[in-house]
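As the structure lists them, so they are numbered: ligands from 1, and atoms in each ligand from 1. For reference, positions follow the sequence shown, starting with 1.
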Amino acid sequence: MIVLGIETSCDETGAALFVDGKIVADRTTTQLLHEKYGGVVPELASRAHMRLIAPAVKGVLEDGGVAVDELDVVGATYGPGLAGALLVGVSYAKGLAGALDIPFIGINHLEGHLWAAEMMFGELKTPFMALIISGGHTLMIEVCSFGIYKKLGGTHDDAVGELFDKTGRMLGFPFPAGALLDDDTIRFHEMKEAGDIHDNPIRFPRAKVKKDKLGFSFSGLKTAVLYYLREKYSNPKETLQTRSNEMQFSIPEHDRIAISAAIMEAVSDMLINGLASAWNNRYKALVVSGGAASSKFLRSNLINFARERDIPLIIPPPEHCTDNGAMIAWIAHRHFCKGNTSLLNLQVDPSASLFTC
Ligand code: KG4
Ligand code: ZN
């Protein structure tokens with residue numbers, strides 16, 4: 001079975017080929033052009049997908065040694081994501097499927113993240129609990145079985161990656177800032193271990209959601225970081241009319257490293273608190289995915305959390321945590337095996353839900 005998967009929900013243009021049980025080719029390009037804008041510019045993302053999608057597909061066919069007329073099925077992310085960006089991938093996939101007279105499958109992006117770990121670790125046994133931490137989502141999910149998903153709790157405001165990107169911008173980082181905050185945090189802990197610095201004097205508040213509710217809130221942390229920076233450092237643009245995305249401060253590197261670490265520590269504590277409340281021993285594993293799950297700091301804290309409680313923890317390698325075409329090809333093959341295909345009039349759905357119960 002040969003499956004082409006296409007991912008264009010946000011700022012990664014991805015194509016991948018699944019051939020007889022494994023991913024044999026995967027080309028995912030991150031659109032760096034958004035860096036200077038402090039976030040993804042939807043119109044520019046769509047145009048970049050238009051430019052990148054055909055070479056990505058041609059590239060994976062070459063890498064996999066597959067002729068286009070050997071494809072059995074084409075899957076593409078239909079939501080959630082940016083409408084214009086989704087349209088590029090879905091239209092391309094439908095055009096190709098129509099021309100080749102093969103099935104097309106619309107894939108929910110979050111379902112791709114949920115099962116991405118299978119590409120490396122083999123079949124995930126259900127029921128399992130998943131935590132998706134990405135730029136657009138922070139969700140705890142009960143995966144009852146393939147296709148049956150229940151929401152356990154999510155963020156009431158910002159997503160984890162969004163918080164990293166927004167606070168990272170205040171610290172002067174380009175977009176996306178998550179990996180840079182993470183690098184700072186690792187440096188902070190290396191310096192601490194070497195005895196060069198002591199405990200972090202900065203501690204941001206950890207928001208708690210109501211006792212009987214599962215979920216997270218990160219906007220208070222974002223505001224706390226902003227107030228802290230306003231009090232301690234000057235904003236070079238403060239005299240101008242400033243929009244919130246222009247709140248950048250002049251911070252000495254040494255201070256910035258401690259602030260980055262304080263942000264990551266607060267996020268890590270909140271995530272682990274949420275997981276501890278939602279975890280149930282009947283789950284066969286805890287699966288963590290999404291771009292922010294590439295964080296070395298979060299991964300190491302999650303490993304410790306799972307070890308202490310004897311929870312089997314599964315996290316895909318970083319390149320399969322961030323958006324990629326491979327997870328879409330993978331999940332398209334899963335659906336195709338179950339006989340699920342989509343009509344060629346399927347619409348993109350920017351706020352597509354994953355939940356079935
Ligand atoms: O899953 P993803 O690639 O795209 C969405 O579906 O949103 O996640 C992107 C997010 C961004 O907010 C980015 O800052 C964050 O993942 N991210 C990281 C790291 N790499 C990407 N956050 C922390 N540490 C990283 N190494
Ligand atoms: Zn994603």
Side-chain angles (χ1 to χ4, degrees), residues 5-14 16 26 28-32 34-35 37-40 42 45 49 76-82 85-86 89 107-117 130-139 141 154-155 158-171 173-189 218 222 245 260-261 263-268 270-271 287-302 315-328 330-331 350-352 354:
I6 291 176
E7 158 62 34
T8 63
S9 66
C10 193
D11 59 339
E12 263 92 19
T13 311
D26 177 13
T28 297
T29 310
T30 301
Q31 302 173 1
L32 299 175
H34 305 285
E35 234 184 62
Y37 299 103
V40 178
H49 286 309
T77 305
Y78 78 96
L82 301 168
L86 293 163
I107 302 295
N108 185 304
H109 178 80
L110 296 173
E111 196 177 27
H113 279 307
L114 274 185
W115 296 93
L131 170 71
I132 296 182
I133 38 177
S134 69
H137 297 89
T138 298
L139 283 168
I141 299 161
T155 177
D158 289 344
V160 166
E162 188 182 359
L163 171 94
F164 289 160
D165 297 335
K166 287 179 177 167
T167 52
R169 182 157 173 84
M170 295 175 201
L171 300 183
F173 288 134
F175 173 87
L180 300 164
L181 280 176
D182 191 39
D183 290 346
D184 266 3
T185 308
I186 297 296
R187 267 178 77 190
F188 179 89
H189 286 275
F218 297 105
K222 183 180 65 190
N245 67 356
S260 297
I263 296 169
M264 295 286 289
E265 278 156 12
V267 169
S268 172
M270 286 190 268
L271 288 175
V287 175
V288 184
S289 189
S294 330
S295 154
K296 294 187 202 78
F297 181 71
L298 291 182
R299 291 169 88 95
S300 124
N301 287 357
L302 287 164
I315 317 181
E319 67 274 19
H320 288 156
C321 283
T322 45
D323 291 350
N324 62 88
M327 67 183 190
I328 303 303
W330 183 265
I331 212 72
S351 51
L354 177 72

Donor-acceptor side-chain pairing of [X] and [Y] below 3.5 angstrom:
| X | Y | answer |
| --- | --- | --- |
| E12 | T29 | no |
| H137 | E162 | no |
| S268 | N301 | yes |
| D323 | H109 | yes |
| D183 | T185 | no |

Taking only heavy atoms of [X] into account, list the atoms of ligand 1 that are under 4.0 Å away from them.
| X | result |
| --- | --- |
| G136 | 7 (O) |
| P176 | 13 (C), 14 (O) |
| H109 | 6 (O) |
| S134 | 1 (O), 5 (C), 6 (O), 7 (O), 8 (O) |
| S294 | 20 (N), 26 (N) |
| S295 | 23 (C), 24 (N), 25 (C), 26 (N) |
| G161 | 12 (O) |
| F164 | 22 (N), 23 (C) |

Where do [X] and [Y] come nearest, in terms of heavy atoms and distance?
| X | Y | value |
| --- | --- | --- |
| A159 | S134 | CB-O, 3.6 Å |
| I328 | I6 | CG2-O, 3.4 Å |
| I331 | W115 | CD1-CD1, 3.3 Å |
| G325 | E7 | CA-CB, 4.0 Å |
| A76 | G89 | CB-O, 3.8 Å |

Just to be sure I read this right, does ligand 1 sit under 4.0 Å from the backbone of [X], its side chain, both, or neither, counting only heavy atoms?
| X | result |
| --- | --- |
| H113 | side chain |
| D323 | both |
| D182 | side chain |

Quiz item: Is the distance from the Zn ion (ligand 2) to the nearest N/O/S atom of H109 under 2.8 Å?
Solution: yes
Exercise. Verify the distance test for H113 against the Zn ion (ligand 2): any N/O/S atom under 2.8 Å, yes or no.
Key: yes
Nearest non-hydrogen protein atom, [atom]:
| atom | result |
| --- | --- |
| atom 21 (C) of ligand 1 | G291 O, 3.5 Å |
| atom 14 (O) of ligand 1 | D165 OD1, 2.7 Å |
| atom 22 (N) of ligand 1 | G178 CA, 3.4 Å |
| atom 10 (C) of ligand 1 | G135 N, 3.6 Å |

Quiz prompt | Derivation and outcome, side chain to side chain contact (heavy atoms under 4.5 Å, CB included), residues L171 and S260 | solution = CA-CA 8 Å; L171 300 183; S260 297; 3.5 Å; yes
Practice problem: Go through I263 and L163 one step at a time and tell me if the side chain to side chain contact (heavy atoms under 4.5 Å, CB included) criterion holds. | Solution: CA-CA 9 Å; I263 296 169; L163 171 94; 4.2 Å; yes
Quiz item: Are C10 and ligand 1 in contact, using a heavy-atom cut-off of under 4.0 Å?
Solution: no
Exercise. May I ask whether M264 has any heavy atom positioned less than 4.0 angstrom from an atom of ligand 1?
Key: no
Self-check item: Name of whichever N/O/S atom of D323 is nearest to the Zn ion (ligand 2)
Solution: OD1
